[in-house]
Structures are given as C-alpha cells and as structure tokens.
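Quick notes on the structure that follows.
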Amino acid sequence: MKKIKFLILAIIALIAFNSYSQETSNFYATMSLQDARELKKDLPNEVEILAEKRNEAAVYLTPLAGHKLHDRVLVHGPGYIFKSSLEEAIAALDKPKRTPQNRLAFSITEDALVNQTLGLINTQNIEDQILELEAYGTRYHNRPSATQAANDLKAKWEAMANTYGRTDVSVRLYNHVNTQMPSVIMTIEGAETPDEFVIVGGHLDSTSNQGNNDAPGADDDASGIATITEATRALFEVGFVPKKTIEVMAYAAEEIGLVGSAEIAQNYNNNNVNVVAVVQFDMTNYNGSANDVSFITDYTNATLNGFLMQLLDHYNASGPHQITYGTSLCNYGCSDHASWTGEGYMASFPFEANFGQHNSNIHSPNDTYSLTGTSTHATKFAKLCAEFLIETAKSDGALAVDETLIDTVFVTVNDSNLEYDLKASNESFTNIEIYDVLGKKVLDSPISTTKGSLSLHSLKSGVYVATFVTEAKSVISKKILLK
Ligand code: BES
Ligand code: ZN
C-alpha cells in the first residue's frame, strides 16, 4: 500500500516537474549585480554570473531562479530582463544609451478640451473590460488564450475606432521573437507631425505563482489595459485629433522579463523613431496608500514625472476629479517603462500605491476584480492618461522648440545665483520656473529683463531643471547643478 502511495506521489511530482520545466528552460538575462550576488548566495546552482559591468550583471538563470525572483517581488523584489542569447546579455551591459533628451518642453494649454474629456471617462467601461480580460482564465504568454486575448483586443480597438468614425486610426499585432504571444498596437496618426510619437501602454499577459493556468491578472494588468482603452475612447468621443502620432500599446510577455516591450522599444530605437514620451499603466485599480497615484521615480524620467505631477496640480487639485499623488520606488526595472528607459526614451510609471502597499494578490489566482469590486481607482489613472495624451500630442509647439532657439538661451550658476541671458533669442519670456529632480516646482519667478539673475539660495545643492516660459507658452528647459 505504502509503495503504491509513493508511486502515485512520484508520478504526480514527475508530471508537475515536467510541465514546469516545459514552461520555460534556462535562460539569459541582465539584472542588478547586487541582486545577482544575493541570489547566487541563496541558490548557488541556479544562477551563473557571466559578466559584470558597473552595477549590472549578465546572468544565466534556471526557471527556479526566475520563479524565486518573482516570488520575492511582493516583498521588495529584484527583477531581471530577459535576453535571448549569451551575446545579447553581454551586449546589453555595454550598450551605449541614447542621449536622454534634456531640452524638453511641455505645456498645459488645453483646459476646455481636457475638462470636457474628464467628464466622459466612464468607470463602468473600465470594470467591464477588466472582467472581460479576467474571463480568459489565464493570459500567460505561451497559452493559446493569451494570443486569443490579443486578437480580441485588436478587434475591440478597431470596433471602437469605427464607432467614432476614425479613419486616422489603425490597429496591428506586433509579432515577437521571444514569445509566441503578439503585442497589440493602436496608432492614431498625427495630423501635423506624424513622425513624433507619444505612447501609453500596459501589459496584456498575466502570471501566477501556482502554475500559470489560473492567472486572472485583474489588477496586474487588466486594469492598465482597461485604463488606456477608456482614456482613448474618451478622446474619440470628444473628437480629439492629435498633431503628433499617438500609440496605445498592450504588451505581450511582460511577466517573463519585459519581453514584448523590450523588442518594441529596441526596434523603435534601431529605426530612430522619435518617441517624445512614454507612460506605463501597470496596476491601477488597488487603492492601497494615502495618495491616489505613486509616481515611481527609478527607471523613469524626472522631467516627465514632473510634467505629470503638474497636470494633476492643474486639473485635479480639487473637485469631482480630484487626484492626490506622491512618489515611490520599485528598486528595479519592474515594468515596461524600463524597456523604454533602457533605450534612452523618456518614460514614467504612475502606480496604484506606494511600493509595498500595492495589491498583494497579484501573480496568484486571487488577483480578481472581486477583490476591489469597483473601478474608481483606475478611473483616476484613465483621467491622468487622457490629460497626458491631449497636452503632449496636441501640437509640435513646445516640444519642437527650434533647436537654434534653445541655443540662444544662456544660463550659468554662480554662487547660488542663476544667471541668464535671453537676448539672442528674440523671444519674450514671462517666467523662470525651477524644478527639482522629482519634478516638483520649487521656484517660480517672473522675468522682466532679458538679462538678469535669480537667487537660488533657498535651495539645497543638487540637480535642478530651469524652465523658461515664453509668452506663447513654449518652454525651454536646461539642467543646472547647484553646488
Ligand atoms: N506589475 C508588476 C510590477 C510591480 C509589482 C510593480 C509590484 C510594483 C509592485 C509586473 O507585472 C511584474 O511582475 N514585473 C516583474 C518584473 C519583470 C522584469 C519580470 C516582477 O516584478 O517580478
Ligand atoms: Zn504587471
């Protein structure tokens, strides 16, 4: 009897092990050097550190090591970025990054249109879509239902564009090398500068730590897909025609190492696609902290984070659309924004709570809609998404500030005074604004002469962004260092 029991157990274990090892085999990745070393200490046989550079390591991981990393994520997790070969992993360490754009400029001018749009964001639509995605049972990247979800989302987005008679919208599947699941990309072609891109995204796949057949992924990340879909629908309803091209992306295979977004971002960079800004929506429907939105400040761009905060200050300070915010850290490249940051693009990640106070049921069969029971939290993110799209894609205005104009604005810092000379620009400027690295405005002063100085004595030493605002509300930004 005992023997039979043992045999049955052994067979079950064998089946479990087999389907597990089929799930994924050993793979290459890059990750933080410190995390790699810690993992190696815990699991010496599951990790090989192949190369080290600065604070990053190229590694070879077993599926068990990958799983361990995933499990840790709920506490405070090291993640990894999947690489398809040894060469790619090594090359990723050496890769020269794009020069980050720091002559960046954003402005807030579309009050009427934005306020109208905010009133149209529909909480019920968000709920419906989360439930719809949850109903696939699993969207784990290598399951047929994940590819089905991508096909269905393409059809849904096409139908949505058709409903509003949008002939400037197209939807495509983006096929990948390292996963069988495609990403879905909706493109709204820019009416004036179609080669400038503004991107919002979320990931369509899901995962579960109890085998990947029961992975509802309601918050992680059906909520993000529902958020960007509803924001876009509201833009269609108000008839917004962007001057820049907008792309709305549902990434494949984020959960196995940012696979879908990494391939897309790399492809865009290789083809020199001018992506002006990217915002990621991954987990938007669990209200776990005092503030509504937590801006993740690592692996994101401080200037873009600051602009999103300005949007909330401007449109959501009080009233029926009130949204509060703070900042938090992931401590690693925890979602698809990191793929864009890695390619040198400006990316932000407004998150549902402070890290650690987020939904603790993600990556399990319990990540269901019933846990939140409402979509009010995600609705706030859809509002932020719509504000961002309207104000960033509206025109080539501020962002396309003439390169020569930028070079006619001279600034230096001397003895904690910002000295500026704007004469050569032939522009009239109204204000100087100073932002800290988190994007918080710390000084705002009117400009009355084209040459002058501004005392920065009230500020701590550090890096700041000095922004000069023109009468036409264009802005020119320069990074400054205060000693
Ligand atoms: N939505 C999570 C990221 C997340 C989890 C952010 C908790 C903040 C708090 C995402 O889908 C995810 O699980 N990412 C992976 C990392 C990736 C590189 C495999 C993770 O965190 O393990
Ligand atoms: Zn996620």
So do the side chains of [X] and [Y] get within less than 4.5 Å of each other, counting heavy atoms only?
| X | Y | value |
| --- | --- | --- |
| Tyr174 | Asn267 | yes |
| Tyr325 | Asp313 | yes |
| Phe106 | Glu391 | no |
| Asn270 | Gln266 | yes |
| Tyr140 | Ile256 | yes |
| Leu389 | Val200 | yes |
| His176 | Met181 | no |
| Leu50 | Glu48 | yes |

- request: Determine yes or no for a side-chain-to-main-chain donor-acceptor pair under 3.5 angstrom, with Asp336 supplying the side chain and Gly201 the backbone.
  value: no

field: Test item: Thr138 side-chain N/O and Asn212 main-chain N/O as donor-acceptor pair under 3.5 Å
entry: yes

field: Glu230 with Arg233: basic N within carboxylate O range, under 4.0 Å
entry: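 A salt bridge links Glu230 with Arg233.
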
query: Hey, are Glu52 and Arg37 close enough for a salt bridge, meaning a charged N less than 4.0 Å from a carboxylate O?
result: yes

- request: Using ring pair (Phe, Tyr, Trp, His ring centres under 6.0 Å) as the criterion, point out the one residue from Phe351, Phe349, Tyr299 that pairs with His337.
  value: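 Of the listed residues Phe351, Phe349, Tyr299, the ring pair (Phe, Tyr, Trp, His ring centres under 6.0 Å) partner of His337 is Phe349.
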
task: Only pairs at least two apart or in different chains count here, so list each ring pair (Phe, Tyr, Trp, His ring centres under 6.0 Å) that has a residue in residues 193-235.
output: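 For residues 193-235: none.
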
task: Start with the C-alpha gap between Lys383 and Tyr315, add the side-chain angles, then the distance that decides, and say whether side chain to side chain contact (heavy atoms under 4.5 Å, CB included) holds.
output: CA-CA 10 Å; Lys383 288 174 181 171; Tyr315 288 115; over 6 Å; no

- prompt: Got a second to check how far Leu329's CG is from Ile296's CD1, nearest 0.5 Å?
  reply: 7.0 Å

For [X], what residues pass the side chain to side chain contact (heavy atoms under 4.5 Å, CB included) criterion, not counting sequence neighbours?
| X | answer |
| --- | --- |
| Ser170 | Thr187 |
| Leu173 | Ala150, Asn151, Lys154, Pro182, Val184 |
| Gln210 | Ser208, Pro365 |

message: Just to verify, what does Asp168 make a salt bridge (charged side-chain N to carboxylate O under 4.0 Å, His left out) with, not counting sequence neighbours?
response: Arg166

message: Can you list everything that forms a salt bridge (charged side-chain N to carboxylate O under 4.0 Å, His left out) with Lys380? Sequence neighbours excluded, please.
response: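 For Lys380 the salt bridge (charged side-chain N to carboxylate O under 4.0 Å, His left out) partners, ignoring immediate neighbours, are Asp292.
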
- prompt: More than 12 non-hydrogen atoms from neighbouring residues, nucleotides or ligands closer than 6.0 Å to CD on Gln322, yes or no?
  reply: yes

query: Is the gap between the ring centers of Phe27 and Tyr80 under 6.0 Å?
result: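 Close enough - the centres of the two rings lie under 6.0 Å apart.
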
- request: Report yes or no: do Asn316 and Glu387 form a side-chain donor-acceptor pair below 3.5 Å?
  value: yes

